[in-house]
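These numbers come from the heavy atoms of this one structure, side chains and all, not from hydrogens, waters or symmetry mates. First listed ligand is number 1; within each ligand, the first listed atom is number 1.
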Amino acid sequence: MGNRLIGYGSYLPEKIMTNADFEKILDTTDEWILSRTGIKQRHFAREDETVSDMATIAARRALENANLQPDDIDLIIVATTSAEMAFPSVGAMVSRDLGMTNNAPAFDVRAACTGYVYALHCARAFFNAGMHNRIMVIGAEKMSRYIDWRERSTAVLFGDGAGAMIFEHSSSNYSGIIDTVVDADGHGYGMLHESNHQSVEMNGPETYKHAVQLMPEAANYIMDHAGIQAENIDWIIPHQANLRIIESGAQRLGFPLEKIIITVDQHANTSGASGALAFAWGMDNGKIKHGQLIMYPAFGSGLTWGAAMIRV
Ligand code: ACO
């Protein structure tokens, strides 16, 4: 029982905040942010724009791309850690806002920056079990909700947005979500978590150290697990947290930078939305082509980490 990718879509809020804009409100510089993170700008949602609003736009675009109607989907999985409400799920709100009438199940997955890999992991399991025919996997985040605008060490790192992919049941085991691996170690709580003031509390250097180790480990693990050689992978879409982490990971894996999709400069870290947004960017810019093989390693709060292998 396999699956294939039949559509994708993305959404970035209109408002762009550049590093120069941050210079006006914080004791920081474009030079510091760019040299430490590779980030040039990020998109921020309007105050009245919710995670489900962004997710729904990305979902609509994915449906258009796949030439499908909302009721053609029979499961929605949303990776998000920034929903405004604990309940109902963003998935349920997306199904409402798409106007779905088929009672398709919808739920959220919460695994911070590894969320999209976890959501793909769930989708693969449902396909393997033969339980669903068409699954929409959405990553959507409003990370600006967690920004402490006085805290320069974290405020500059994040952005908002949403991306979606639609997978359909297929008899081939070599298309769509081919493989996934996911891990968690709750002892890493202190490194990166929500503070009592609902902002990001992070030990940057410790997070950095773990990210440069765990993302390449996840990449090697999934290549072994899937029986795929590095030279057969066309693109790596790493979780877009920091350009230095991406470059270091690529170097450890022996992958040339030309094979890495990089959007952190434009989007900053959009947590659970980053992989789907980077994929859409790669498609829209003619980099990723039909039939190509993509490896998507991610790392985030939890600690959580993992990787997905997708044939386009
Ligand atoms: N502008 C100017 N100076 C700053 C800024 C800023 N925006 N932020 C911090 N500094 C200062 C600090 O105050 C510190 O000054 P001090 O030496 O006088 O105390 C100095 O810069 C160095 O601070 P460090 O935190 O040691 O800087 P570092 O080189 O480690 O870079 C960074 C910080 C970019 C956060 C880095 O640690 C990093 O990328 N870590 C990983 C973060 C990450 O990717 N998190 C998310 C991944 S998981 C997920 O996605 C949820």
Side-chain angles (χ1 to χ4, degrees), residues 17-42 79-82 109-118 139-161 163 182-186 188-195 198-218 237-250 262-265 267-278 296-307:
M17 190 155 172
T18 63
N19 293 348
D21 294 328
F22 267 109
E23 285 179 354
K24 292 179 201 146
I25 59 165
L26 282 172
D27 179 16
T28 190
T29 61
D30 174 48
E31 195 281 328
W32 192 96
I33 301 170
L34 196 55
S35 64
R36 302 289 175 118
T37 70
I39 296 167
K40 294 178 184 158
Q41 63 167 52
R42 66 290 285 149
T80 187
T81 309
S82 49
V109 168
R110 199 146 60 99
C113 299
T114 321
Y116 205 72
V117 174
Y118 270 71
E141 301 279 15
K142 187 170 177 178
M143 293 307 289
S144 53
R145 286 189 59 230
Y146 293 121
I147 289 179
D148 176 345
W149 297 95
R150 297 155 305 175
E151 184 45 75
R152 65 179 182 173
S153 60
T154 49
V156 300
L157 302 178
F158 297 96
D160 302 336
V182 286
D183 280 310
D185 176 4
Y189 169 88
M191 229 176 282
L192 183 54
H193 59 92
E194 181 182 346
S195 75
Q198 284 88 46
S199 59
V200 177
E201 186 144 322
M202 177 175 76
N203 180 333
E206 270 305 304
T207 306
Y208 187 98
K209 247 191 274 169
H210 281 76
V212 295
Q213 182 202 331
L214 292 172
M215 283 218 290
E217 260 180 41
I237 303 181
H239 168 54
Q240 308 281 321
N242 178 314
L243 184 60
R244 287 192 298 153
I245 294 174
I246 293 172
E247 286 173 346
S248 157
I262 293 170
T263 53
V264 67
D265 55 335
H267 304 165
N269 182 351
T270 58
S271 191
S274 105
L277 273 170
Y296 167 39
F299 165 88
S301 172
L303 297 179
T304 53
W305 65 99

Identity and distance of the protein heavy atom lying nearest [atom]:
atom	value
atom 45 (N) of ligand 1	Met202 SD, 3.2 Å
atom 27 (O) of ligand 1	Arg36 NH1, 3.2 Å
atom 11 (C) of ligand 1	Arg152 NH2, 3.6 Å
atom 26 (O) of ligand 1	Pro205 CG, 3.8 Å
atom 50 (O) of ligand 1	Cys113 SG, 2.3 Å
atom 39 (O) of ligand 1	Asn242 ND2, 2.4 Å

Residues Lys209, Glu206: salt bridge by 4.0 Å N-O rule: yes
Residue selection (non-hydrogen contact nearest [atom]) among [options]:
atom	options	value
atom 34 (C) of ligand 1	Thr37, Thr29, Leu243, Thr28	Thr37
atom 31 (O) of ligand 1	Arg244, Gln240, Glu151	Arg244
atom 9 (C) of ligand 1	Trp305, Trp32, Phe22	Trp32

Whether Ala112 lies under 4.0 Å from ligand 1, heavy atom: no
Nearest 0.5 Å, please: how far is [atom2] in [Y] from [atom1] in [X]?
X	Y	atom1	atom2	value
Ile39	Met17	CD1	CE	12.5 Å
Ser274	Ile237	OG	CD1	9.0 Å
Phe299	Leu214	CZ	CG	5.5 Å
Met202	Phe158	CE	CZ	5.5 Å
Leu277	Thr270	CG	OG1	4.5 Å

Please check whether [X] reaches ligand 1 - meaning an N/O of the residue sits under 3.5 Å from an N/O of the ligand, judged on distance alone.
X	answer
Thr207	no
Asn269	yes
Gly204	yes

Residues Lys142, Thr81; criterion side chain to side chain contact (heavy atoms under 4.5 Å, CB included); working and verdict: CA-CA 9 Å; Lys142 187 170 177 178; Thr81 309; over 6 Å; no
Heavy-atom contacts under 4.0 Å between [X] and ligand 1: side chain, backbone, both, or neither?
X	result
Leu26	neither
Leu192	side chain
Ser153	both

Element-labelled atoms of ligand 1 that are located less than 4.0 Å from some non-hydrogen atom of Ala241: 44 (O), 47 (C)
Plane angle bin for Trp149 and Phe22 - parallel if under 30°, tilted between 30 and 60°, otherwise perpendicular: parallel
Does the protein put any heavy atom within less than 4.0 Å of [atom]?
atom	answer
atom 5 (C) of ligand 1	yes
atom 14 (C) of ligand 1	no
atom 17 (O) of ligand 1	no

Trace of the side chain to side chain contact (heavy atoms under 4.5 Å, CB included) decision for Trp305 with Met215: CA-CA 7 Å; Trp305 65 99; Met215 283 218 290; 6.0 Å; no
Donor-acceptor pair, side chain of Thr29 and main chain of Trp32, under 3.5 angstrom: yes
Donor-acceptor pair, side chain of Asn203 and main chain of Leu192, under 3.5 angstrom: no
Over 12 non-hydrogen atoms of neighbours within 6.0 angstrom of CZ in Arg110: no
